[in-house]
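Just the heavy atoms: all of them, side chains too, but no hydrogens, waters or symmetry mates, feed the values below. Numbered from 1 within each chain, the chains take letters A, B, ... in sequence-line order.
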Amino acid sequence: MSIQNLNTFDPFADASKGADDDVQDGLVHIRIQQRNGRKTLTTVQGLSSEYDLKKIVRACKKEFACNGTVIEHPEYGEVLQLQGDQRENICQWLTKAGLAKPDQLKVHGF
Amino acid sequence: MAEDEAMFDPTLKKKKKKKKTTFDIEAALAEGSISEVGNGDVEGKDDDPKQKDEEADEVDLDLDFTKKKKKKKKPFSTEELDAALNDINTENANETVNMEDGDDNFDMDMLDFSKMKKKKKKKDLDDIMAEGDEKEDKENVEVNTNEWSGSDRDYTYDELLNRAFEIMRDKNPDMAAGKKQKFVMRPPQVVRIGTKKTSFANFTEICRMLHRQPKHLLDFLLAELGTSGSVDGNSQLIIKGRFQQKQIENVLRRYIKEYVTCHTCRSPDTILQKDTRLFFLQCETCGSRCSVASIKLGFQAVTAKRAAIRAKTA
């Protein structure tokens, strides 16, 4: 039994998410790692958990013609992992799909 | 630079010859007086000892006037140049006698010239361009000063602005009011060791140039490149993986932008302090203080052989 009127209600709950489209908040880190030989791995960390990462990775795989997975990390949440140097590709794709703004993307590595 | 000198030389020689044939003691005296005026001017600016030296040189030259004929075969020297400049100035003086403050102006000119000659030898092309611009500016300014010098009219905003800039440049020639300050650095020496490792040979030297702890730069490099590495006995950095100099340069540039140059005034004269677990960048030039991002390794994918990892942990 609780009194409905005394419930705390945050009128700005929606606003904090950002009114302008559904662009996520926080930085997206795009990193590159070297593997054996001239092979590389691209990781995308920081995509909002509201997105369905599995769908994103499926689209990316098709678009960039590479393999990739979603990795569950205890600290960083779900991380996208793509084969090869897809830093340029993923930056363009994320902005084109409207998932992140260009200034939210932080590209690391050489 | 060599070309420049070559270009200057023939005209110089000509001037020289003219001087020898036409000029006499009177001219020499005139020169002496001019250089004296120059000295008087220079005393106002105590912050430029180089100029003073040059003036001193000129005076010596005037005293040694008779000996000069023997020096004729000397290829190129600043003394000759200064002498030639004096020549030009005296000629100018003859032409511009009717101007009231002509004297002051061409003294300025002379100082400028001697300054430029000195600098041109050291600096690269860009700087020369910049200085050329400056010189042009100055000439413009001088024209402006001439415009209002005699009259009693109101000064326009542009004139006053130019004048302020001129004074600023005169007082501290190093400051470079108009031109961009360049942050010149030695390139990193990156050499591959075998097939899997890369050596960053002048790592500690670059740290010293940036006034940063080697550990901090090491952390940043390794986090950015997503590899492991260490500093070896010869103070070079060994990084795992293949990297080219270009790539390391990119990362270094990012480091400098974030952790070395001041975010407000872009001066590289900064100190990195650690304060309650956060790094702060304190600028020595403008005094601003701002926090900088901490170095985070972020997510690291497994790149080593899983079997090997399992063998290690188990």
- Is the number of heavy atoms from other residues, nucleotides or ligands under 6.0 Å of B:Q213 CD greater than 12? no

- Task: Decide if atom CD of B:Q273 counts as having more than 12 heavy atoms of other residues, nucleotides or ligands within a radius under 6.0 Å.
- Result: yes

Under 4.5 Å, heavy atom to heavy atom: which of [range] reach chain A? Give them by number, or say none.
{"range": "residues 276-299 of chain B", "value": "B:K296, B:L297, B:G298, B:F299"}
{"range": "residues 227-237 of chain B", "value": "none"}
{"range": "residues 186-202 of chain B", "value": "none"}

- Message: Taking every non-hydrogen pair under 4.5 Å, which of B:E224, B:K240, B:Q244 racks up the most with chain A?
- Response: B:E224

- Counting heavy-atom pairs under 4.5 angstrom with chain A, the leader among B:L225, B:N250, B:I248 is B:L225

- Within residues 29-41 of chain A, which positions have a heavy-atom distance to chain B below 4.5 Å? A:R31, A:I32, A:Q33, A:Q34, A:R35, A:L41

- Contact part of A:V44 toward chain B, heavy-atom cut-off under 4.5 Å: side chain, backbone, both or neither? neither

- Item | Proximal component of B:E249, with respect to chain A [non-hydrogen, under 4.5 Å] | neither

